[in-house]
There are 2 protein chains.
Amino acid sequence: MSPSRPAPAVSVDIVLLTLGDTGLQVALHRRDHAPCQHQLALPGGYVHVDEDDSCEATAKRVLRDKTGLEPRYLEQLRTFAGPRRDPRGWSVAVSHVALIPLQQLRDAGDGVFHFYDVDQLPELAFDHAEQVREAVQRVRNKASYSTLPCWLLPERFTLTQLQHTYEQIFGETVSRGTFRSRLGIKVADAKPGEYADEAALLEATEEFLGGKQRPARLFRINRLSLFKRARW
Amino acid sequence: MSPSRPAPAVSVDIVLLTLGDTGLQVALHRRDHAPCQHQLALPGGYVHVDEDDSCEATAKRVLRDKTGLEPRYLEQLRTFAGPRRDPRGWSVAVSHVALIPLQQLRDAGDGVFHFYDVDQLPELAFDHAEQVREAVQRVRNKASYSTLPCWLLPERFTLTQLQHTYEQIFGETVSRGTFRSRLGIKVADAKPGEYADEAALLEATEEFLGGKQRPARLFRINRLSLFKRARW
DNA sequence: TTACTTAGTTGATAATTTCAACTAACATGC
DNA sequence: GCATGTTAGTTGAAATTATCAACTAAGTAA
C-alpha cells in the first residue's frame with residue numbers, strides 16, 4: 001500500500017546556534033540556487049535514504065559536510081510542513097537545533113557561514129525565520145531549567161564562564177549565589193577524588209584555569225540535567 | 001532542484017489519549033491491511049497534498065474521519081524516521097499527541113478504537129509503542145508544570161475533578177491545598193463578576209455542579225498556562 | 001435540627017531561595 | 001615580605017514560598 005498521491009519532498013533543516021560576543025547567534029549561508037537564490041538560509045538538505053539512518057543522521061551529515069564538525073548537542077525542534085513554505089509545492093522540513101561552541105567553529109575554518117544575532121535577524125528564505133524564532137525560544141526556555149547552556153562552551157569550563165553564558169542567553173544578569181545553588185555545586189563538601197556531590201549537575205575536574213587571580217576549577221558535563229522542580 | 005534520490009513516504013500518526021477509570025488510555029485500532037496486518041496500531045494516514053495545509057491538518061482530518069471529532073488539544077510530538085520502522089522502506093512519521101475527554105469519544109459512537117492502559121501496552125505495529133511511550137512521558141511531564149490535564153475533561157469541570165485527573169496522570173495522590181495554590185485559585189477574593197484573580201490559571205464560571213452536597217464551582221480553560229517557576 | 005458530605009479558606013509551620021558579606025587563592029608592585 | 005587588587009568559592013540569616021491540618025461553608029437526607 002503506497003500513497004495514492006504525490007509524496008511531499010522531505011528535507012532536514014538545522015538551526016545551528018553559537019554564543020558570540022553579543023549573545024546567541026545563528027549560522028546562515030547565502031543560497032546558490034533557486035528558489036530563494038541569494039537569500040540567507042539555514043543549512044539543510046534532503047534525506048539520503050541510501051545513506052542516512054534517521055533525520056538526526058541527515059542533520060549530522062549536512063553539518064559534517066559544511067563544517068567537518070559533529071555537534072555535541074543536537075535535538076529535533078519540530079517538523080514544519082505545508083503547501084506554501086517552499087514555492088516548489090508541498091514540503092516537509094524536519095527542523096533541528098544544534099549547539100556548537102564558537103571556538104570550535106572558528107577552529108574548523110570558516111567562510112561557509114555568516115553569523116547573525118538571533119534578535120536582529122535579516123530576511124531569511126522559506127520559513128527559516130520562524131524556525132530560528134522557535135529554536136531560540138526553545139533554547140531560552142530550556143536554559144531556564146536545565147544545564148543546556150553547557151553545550152555552548154568548550155568541553156571544560158569554569159562556573160563563571162557558565163554563568164556568563166546563562167546571562168547572555170537570558171539577556172540579563174543572574175545572581176552568583178542563586179546560580180551556583182541552582183547547579184548544586186558545593187566543591188568543598190566533596191570527598192577526595194569526587195568533587196561534585198550527589199546534587200551536583202556538573203562533573204568537577206581536577207584542573208584549574210589559572211589566570212591572574214585565584215584559579216577557577218574546570219567543570220565538565222556529560223548529559224543534560226534538569227533543575228529541581230516543585231513537588232506535588 | 002528536486003532530490004536526486006527516492007523521496008521517503010510521509011505519514012502522520014496520532015497518539016490519541018483519554019482518561020479512563022484506570023488512568024491514561026491510548027486509542028488503538030487493528031490494521032486491516034499489510035504490513036503489520038491484524039496488529040494493533042495508532043490512527044494515522046498519509047498527507048493529502050491537495051487537501052491538507054499542514055501535518056496538524058492531516059492529523060485533524062484523520063481524527064475527523066475516524067471519530068467525527070476535532071480534538072481541543074493537539075500538538076506535534078516528534079518526527080520518527082528511518083529505514084527500518086516500516087518494512088516498505090525509509091519512512092517518515094510526523095507523530096502527534098491529541099487529548100480528548102472519554103465522554104466525548106463515547107458520545108461520538110465507538111467501535112473504531114480499542115482503548116488500552118498506557119502502562120500495560122500490548123504489542124504494537126511499527127514503532128508505535130515508542131511513540132506512545134514518548135507521548136505519555138510528554139503528557140506526564142507537562143502535567144507537572146501546566147494546566148494540560150484540563151483538556152482531558154469536559155469543557156466545564158470542578159476543581160475536584162481536575163485534581164483527580166492530575167492524580168490519575170501521575171498515579172499518586174496530590175494534596176488538595178497544594179493543588180489549589182498551584183492553580184492560583186482564590187475564588188472568594190474575586191470582585192463581583194470576576195471569580196478568578198490575576199494569578200488564576202483557570203477561568204471561573206458562574207455555574208455550579210450541584211450534587212448531594214455543597215455545589216462546586218465549574219471552571220473552564222482557554223489556553224495552556226504554566227505554573228510559576230523559580231526566578232533567577 | 002442534627003448528622004453527614006464535599007467545597008473552599010486560612011494560617012502557622014516547614015522548607016526553600018536569595019544575596020550580601022565573608023573567606024580563599026592567586027598575581028603584582030613596593 | 002607584605003599590602004593591595006581581583007576573582008573564586010562559601011556561608012548563613014532573612015525573605016520568600018510551599019505545605020497541610022484544621023476550620024468554615026453549603027448543600028442533602030433523615
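Heavy-atom basis, side chains included; hydrogens, waters and symmetry copies ignored. Lettering of chains follows the sequences in order, A, B, ..., and the numbering in each one begins at 1.
- The distance between atom OH of A:Y145 and atom P of C:dT17, rounded to the nearest whole Å, is 18 Å.
- Atom CZ of B:F179 and atom P of D:dT17 are 21 Å apart (whole Å).
- A salt bridge does not link A:E207 to A:R220: none of the charged nitrogens lies less than 4.0 Å from a carboxylate oxygen.
- Remark: A:R140 engages A:D119 in a salt bridge, criterion side-chain N to carboxylate O under 4.0 Å.
- Residue A:L218 is the one, among B:S181 and A:L218, whose nearest nucleotide of DNA chain D lies closer to the 5' end (criterion: closest heavy atom).
- With B:V26 as the partner, the side-chain contact (heavy atoms from CB on, under 4.5 Å) test is satisfied by one option alone out of B:V15, B:I14, B:L124: B:V15.
- If you take CG of A:L209 and P of D:dT6, they are 19 Å apart, rounded to a whole angstrom.
- Computed from coordinates, the B:F208 CZ to D:dA26 P distance equals 10 Å when rounded to whole Å.
- Atoms NZ (B:K228) and C1' (C:dT16) sit 13 Å apart, rounded to a whole Å.
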*Any chance you could lay out the side-chain contact (heavy atoms from CB on, under 4.5 Å) test for B:L224 and B:K142, step after step, and finish with the verdict?*
CA-CA 10 Å; B:L224 192 75; B:K142 230 163 183 164; 4.2 Å; yes
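- Applying the 4.0 Å criterion to OP1 and OP2 of C:dT18, one finds that A:R180 has every side-chain N and O outside that range.
- Salt bridge A:E130/A:R85: absent, no basic N to carboxylate O contact under 4.0 Å.
- Taking atom NE2 on A:H164 and atom P on D:dA8, their separation rounds to 7 Å, with Å as the unit.
- Across C:dG8, C:dT18, D:dA8, the shortest atom-to-atom separation from the side chain of A:A216 is found for D:dA8.
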*A:F179 and A:Y166: ring-ring contact (aromatic ring centres under 6.0 Å, His included), yes or no, with the steps?*
CA-CA 9 Å; A:F179 173 73; A:Y166 275 89; 5.5 Å; yes
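- Between B:E207 atom CD and C:dA7 atom P the separation is 17 Å, expressed in whole Å.
- Every residue meeting the ring pair (Phe, Tyr, Trp, His ring centres under 6.0 Å) condition with B:F126, not counting sequence neighbours, appears here in chain and number order: B:H128.
- Among the protein residues, B:T158 comes within range of no part of the nucleic acid, since none of its heavy atoms lies under 4.0 Å from any strand.
- Judged by distance alone, with hydrogens and angles left aside, the side-chain atoms of B:Q76 form a donor-acceptor pair with the main-chain N or O of A:T79 at under 3.5 Å.
- Residue B:T178 has its side chain nearest to D:dT19 when only C:dA7, D:dT19, D:dG9 are considered.
- OP1 or OP2 of D:dT19 has not a single side-chain nitrogen or oxygen of B:S175 nearer than 4.0 Å.
- Distances shown here put every side-chain N or O of A:R217 at or beyond 4.0 Å from the OP1 or OP2 atom of D:dG9.
- A:E203 and A:R223 are not joined by a salt bridge, as no carboxylate oxygen comes within less than 4.0 angstrom of a charged side-chain nitrogen.
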With 3.5 Å as the limit, what N/O pairs link the protein to nucleotides 2-4 of chain C?
none

*Let me have a per-nucleotide readout for nucleotides 20-30 of chain C, 5' to 3', with B, S or -, counting only protein heavy atoms under 4.0 Å.*
----BBBSS--
